[in-house]
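Scroll down for the structure; my scribbles are underneath it.
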Amino acid sequence: MKYGFFDDNAREYVITRPDTPYPWINYIGCEGYFGILSATAGGYSYYRDARLRRLTRGRYNNVPQDNGGRYVYVRDNEDGDFWSPSWMPTQSEVEDYSCRHGMGYSTIGSKRNGIRVSNRYFVPLGETLEIWQLTVTNERLVPADLSLFSSVEFCLWDALDDQSNFQRNLSTGQVEVEEGVIYHKTEYRERRNHFAYFACSEELAGFDTQREDFLGAWRGWDKPAAVAEGKSRNSVAHGWSPMGSHHVKMTLAPGETRQVIFVLGYHENDKDEKFDPPGSQTINKKTVLPVISKYLAAENVEAAFEALNRHWDDLLGVYQAETPDEHSNRMINIWNAYQCMATFNMSRSASSFESGIGRGLGFRDSNQDLLGFVHMVPSRARERILDIAATQLSSGGAYHQYQPLTKKGNNDIGGDFNDDPHWLIIGVAAYLKETGDFSILEEPVVFDNQPGTEEPLYVHLQRSMQYALDRLGPHGLPLIGRADWNDCLNLNCFSDTPGESFQTTTSKDGKVAESVFIAGVMVLSARELSDIAKESGRSQDAETYAKVATDMDATIREHGWDGDWFLRAYDDFGRPVGSKENEEGKIFIESQGFCVLAGVGVDDGKARKALDSVAKHLATPHGIVVLQPAYTKYYIEYGEISTYPPGYKENAGIFCHNNPWVVIGETVLGNGDAAFDYYTRINPSAREGISDTHRLEPYVYAQMIAGRDATRHGEAKNSWLTGTAAWNYYAITQFILGIRPEYEGLRVAPVIPERWTGFSVKRIWRGVTYDITITRKGKGNDVHLTVDGKAIEGNLIAPPAEGTKAVKVEAVIG
Ligand code: BGC
Ligand code: NOJ
């Protein structure tokens with residue numbers, strides 16, 4: 001069953017019934033101010049750091065799940081009937097409900113008893129505020145006497161403290177209300193120089209800032225007493241739970257429409273100019289008032305919304321494809337690219353499954369995310385790379401995570417995840433191919449944030465590789481450390497204490513357990529580093545790293561092959577993991593996908609055999625599972641992977657991040673049908689029709705779909721913030737459609753399904769627009785190119801003459 005539909009022309013997913021199987025969310029904001037916004041107006045907002053600068057409250061593990069947000073209540077003052085146009089929280093019956101989730105905005109509305117209300121939420125570019133642009137229309141034949149109530153619940157900034165330190169927090173809350181604007185200023189009296197504000201374009205009939213007064217004792221958001229009675233309390237919060245609510249009264253003639261604008265924002269004052277008059281305790285509003293009045297004016301709001309749309313035209317316009325498959329088209333052109341930007345902005349911090357208080361930015365995650373957004377925001381990708389590299393340790397190792405506010409490595413988690421350093425090389429390579437900006441390699445970057453330790457970025461890449469070379473195990477394969485990409489394969493952990501972290505506990509010296517997966521990654525990263533060296537005129541290094549790649553390739557084929565597939569690892573006892581010798585966990589996806597992607601075993605048939613084994617043992621109609629057979633009990637020598645019940649997460653779940661490695665692997669072997677088939681199995685749009693099974697948003701990828709051993713096979717979890725976004729985008733755009741930037745030019749190497757008669761792509765690369773039309777004339781993947789009317793040899797389009805703006809490419813394949 002479906003709960004909505006794609007409106008591709010509007011770049012929107014339209015949810016047509018509010019009771020989706022799970023809250024289906026969107027994000028607003030794309031620079032510093034962000035919000036999670038569900039289809040029923042639930043969610044919260046924050047400035048830059050979802051833990052430390054949380055503006056409004058959103059409770060996790062709530063009942064019902066999605067309760068609390070940016071609610072508006074409408075009250076019919078004639079009969080006292082009140083409801084929420086977003087269905088939640090009153091859950092009143094409404095007609096024509098719809099939520100249009102778009103690029104950085106959502107419009108939610110419905111109609112009840114002839115009153116139509118629609119509310120568009122978005123964050124203007126360059127601002128630290130959100131707008132609720134609400135329209136009310138009286139579709140009755142008689143005048144309507146209405147009240148509107150807005151509502152948000154303020155968070156006392158530190159989201160973790162806010163939900164745990166009640167003995168203090170219930171006494172610290174402070175607000176000001178001036179000229180109809182509600183200011184939340186908890187802790188502004190002391191060390192904070194920021195506050196939140198909530199303003200309304202209309203004259204107020206009243207307001208509330210104390211939750212208990214607005215709701216009434218023993219009442220919830222579904223029936224606030226102030227709304228039920230049509231009367232605000234004009235409460236001023238002292239302690240307890242500060243909130244913001246405006247009350248607007250209006251009488252609408254039949255057919256009349258009125259717009260009401262609400263502005264919720266974050267503002268900082270200079271430390272020395274916090275108060276006005278100086279020495280008082282009153283917020284200095286001189287710098288915030290112009291911002292507020294700007295956005296209470298409808299024409300400025302419209303202009304800001306148009307600017308936001310143009311921003312997304314520009315981002316998405318870099319790669320647009322027209323293929324015979326609508327699911328691919330809308331993921332490539334709209335949603336997958338959009339999700340890649342969400343991972344750029346949010347990393348793994350705030351979603352329905354990430355509480356915003358847990359993780360910082362992951363070293364490996366952020367580098368892989370680059371693959372999905374570097375073409376849209378190259379200069380911000382550059383900044384990101386330099387930030388990440390500055391957290392690298394001088395050994396070449398990496399903090400597993402770093403904090404976005406301080407940009408410092410996170411000591412609690414530490415390092416020794418031995419795949420981490422390789423991703424920096426892979427991320428930088430993607431940046432260089434996209435931009436040709438080799439100056440980044442010479443950029444001086446510190447180690448571990450220590451001033452005085454600067455070395456060119458290129459040296460950081462060398463250290464990454466050296467770190468790996470210094471950590472080879474008994475078979476010459478890379479030692480795994482605490483874990484590799486699979487955070488739950490903890491071969492040195494041996495934890496028997498409940499609650500101990502599998503990622504930070506290490507009980508072994510780590511000199512035995514090796515990872516065949518990292519070996520595959522190393523073949524790729526060594527080759528990338530060799531190319532980087534070559535392209536930047538370091539020919540000696542180029543040879544050295546090329547040899548690292550071929551040596552590791554040989555080591556994998558010698559010690560990492562199990563007969564029908566690649567092994568996954570060797571454990572601390574030197575025993576194979578992911579081998580036919582194992583009782584459970586005989587075959588894993590990661591080493592098959594990555595080794596083939598990196599080209600290992602392509603010439604001697606191992607690669608084909610490995611992917612045939614994937615098809616035979618791991619593929620399901622819902623995607624490819626991590627391993628088989630699933631672990632049915634806890635293996636102390638394997639760690640967290642065996643803590644999950646069979647079929648979930650790393651224990652034989654379908655981890656959508658690694659499926660595209662197999663997709664790319666199939667393209668490396670020239671098999672477009674298999675590649676596209678795997679791609680489609682986890683494509684959320686292609687799964688829209690089974691929303692009751694999949695349950696999460698059909699417009700974005702989820703990290704995990706329950707595997708075949710799970711009771712709810714096919715059910716997704718952890719949507720939005722996952723490396724799945726970047727890797728699937730990368731797989732379809734650069735390997736199936738095959739349009740990929742390289743050092744010497746733009747490669748056109750499609751490996752598409754046999755039944756496709758062709759497709760077209762518009763790709764803006766280094767300032768030139770390539771209009772590429774591909775036509776299939778026969779079987780196979782051979783490409784014949786005509787560039788601006790001239791036939792050329794091979795499938796690489798060399799950069800055009802200076803000043804060229806557009807290039808027309810016709811490709812015939814088969
Ligand atoms: C999850 C992994 C995740 C890790 C992060 C584990 O519990 O299963 O997917 O990478 O936590 O610390
Ligand atoms: C999620 C983590 O963010 C990522 O770093 C890891 O590779 C996967 N889980 C697999 O464990």
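In this chain, residues are counted from 1 in sequence order. Counting starts at 1 for both ligands and their atoms, in listed order.
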- Note on the structure: Hits for ring-ring contact (aromatic ring centres under 6.0 Å, His included) against Phe447, two or more places apart or cross-chain, chain-then-number order -> His460
- In chain order, what residues pass the ring-ring contact (aromatic ring centres under 6.0 Å, His included) check against Tyr467, with sequence neighbours excluded? none
- Item | Electrostatic pair Asp162-Arg54, nearest N-O below 4.0 angstrom | no
- Got a sec: does the CD of Gln65 have more than 12 other heavy atoms crowding it under 6.0 Å? yes
- Query: Between Lys433 and Glu528, is there a side-chain N and carboxylate O pair less than 4.0 Å apart?
  - Reply: yes
- Flag the pair Asp484 and Arg568 as a salt bridge only when some basic side-chain nitrogen lies within less than 4.0 angstrom of an acidic carboxylate oxygen. yes
- Query: So which residues, sorted by chain and number, lie with a heavy atom under 4.0 Å of ligand 2?
  - Reply: Arg359, Arg364, Asp365, Trp485, Asn486, Asp487, Glu650, Phe655, Gln703
- Message: Less than 4.0 angstrom from a charged side-chain N to a carboxylate O is my criterion; do Glu354 and Arg348 meet it?
- Response: no
- Message: Under a 3.5 Å cutoff, is there a donor and acceptor pairing between the side chains of Ser38 and Asp66?
- Response: yes
- Query: Near ligand 1, which protein residues have a heavy atom under 4.0 Å away?
  - Reply: Arg359, Asp487, Cys488, Gln503, Glu640, Tyr644, Lys649, Glu650, Phe655, Gln703
- Item | Residues Lys649, Glu640: salt bridge by 4.0 Å N-O rule | no
